[in-house]
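Below is one structure, written out as structure tokens, with a few remarks after it.
This is a predicted model, so every value here is computed, not measured.
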Amino acid sequence: MADKKTDNRSAAQIKADIAAARARMTANVEGLVTEVHPKAVKQRSVDEAKAFAMGEVSHLKSQVKDDDGWRTDRLSVAGVAAGAAAIGLAVVRAVVKGVRNRSKTKSAVKEAKALALQVRKETSAQQKVLAKEARHQRRIAAKQVKKAAKR
């Protein structure tokens with residue numbers, strides 16, 4: 001058979017235990033709310049990121065500076081790497097600029113060719129008009145010569 005436990009506590013003790021449990025539960029819920037609040041999560045993330053960055057900076061600093069001072073061999077390698085990166089960026093920039101200029105040049109050449117063709121067509125049309133006018137003037141002159149010869 002199951003043993004029954006008898007509770008020998010008084011009503012005041014039970015009320016005190018319930019109040020203590022309620023206080024613990026309230027504190028736990030408040031702590032949980034504080035822990036999962038977006039601002040708290042954000043702050044923890046920022047703190048962790050700062051700690052990571054500081055650790056990395058400290059590690060990198062230890063690579064170029066030790067107890068004896070600056071490690072010039074490492075600094076020279078870092079300087080060469082930085083210079084190579086700068087040259088690489090300059091080359092990439094020049095290539096990109098050249099490609100942009102080349103496309104602008106191609107479009108300018110196309111425009112110039114189209115303009116030249118248009119000028120040729122207009123010039124040809126003007127020459128035709130002038131040739132027609134010249135023929136007309138020659139006919140008029142020929143008629144005047146004939147009239148003058150008849151007189």
Side-chain angles (χ1 to χ4, degrees), residues 5 7 9 13-149:
K5 283 190 173 181
D7 194 2
R9 296 181 298 167
Q13 289 175 333
I14 293 173
K15 286 180 183 179
D17 288 344
I18 291 173
R22 188 177 291 141
R24 282 192 310 272
M25 187 180 292
T26 302
N28 288 340
V29 169
E30 286 176 358
L32 184 61
V33 168
T34 302
E35 186 176 333
V36 296
H37 193 276
K39 287 183 180 180
V41 171
K42 177 182 145 188
Q43 188 60 44
R44 273 196 310 276
S45 298
V46 167
D47 292 343
E48 289 172 3
K50 284 181 180 178
F52 175 77
M54 293 302 291
E56 289 299 311
V57 166
S58 175
H59 174 71
L60 290 175
K61 190 175 178 182
S62 71
Q63 294 292 320
V64 294
K65 189 174 183 182
D66 56 12
D67 295 336
D68 298 332
W70 292 100
R71 296 182 64 186
T72 56
D73 58 332
R74 296 271 175 103
L75 286 175
S76 63
V77 169
V80 169
I87 290 170
L89 286 174
V91 167
V92 167
R93 185 170 184 229
V95 168
V96 168
K97 190 174 182 181
V99 168
R100 286 183 184 160
N101 286 342
R102 190 174 307 130
S103 66
K104 287 179 184 176
T105 302
K106 283 182 180 180
S107 64
V109 167
K110 284 182 182 178
E111 289 177 20
K113 285 181 179 179
L115 184 60
L117 180 63
Q118 183 181 357
V119 167
R120 268 190 248 130
K121 286 180 181 178
E122 288 176 3
T123 304
S124 176
Q126 288 174 351
Q127 286 176 344
K128 288 178 183 178
V129 168
L130 289 174
K132 186 176 180 181
E133 182 65 29
R135 283 191 302 269
H136 179 68
Q137 291 297 328
R138 277 193 304 254
R139 284 187 202 124
I140 292 174
K143 284 181 184 178
Q144 287 176 352
V145 169
K146 283 183 183 177
K147 278 185 184 180

Nearest-0.5 Å distance, CD of residue E30 to CG of residue L32: 11.0 Å
From CD (E35) to CG (N28), nearest 0.5 Å: 11.0 Å
Interatomic distance, I140 atom CD1 to H136 atom NE2 [nearest 0.5 angstrom]: 3.5 Å
4.5 Å side-chain heavy-atom contact, K132 and R135: yes
Any residue meeting salt bridge (charged side-chain N to carboxylate O under 4.0 Å, His left out) with R44, in chain and number order, not counting sequence neighbours: none
K50 side, atom NZ; Q43 side, atom CD - distance, nearest 0.5 Å: 6.5 Å
No-hydrogen, no-angle side-chain donor-acceptor test under 3.5 Å, D17 and Q13: no
Test item: T123 and Q127 side chains (from C-beta on) under 4.5 Å apart, heavy atoms: yes
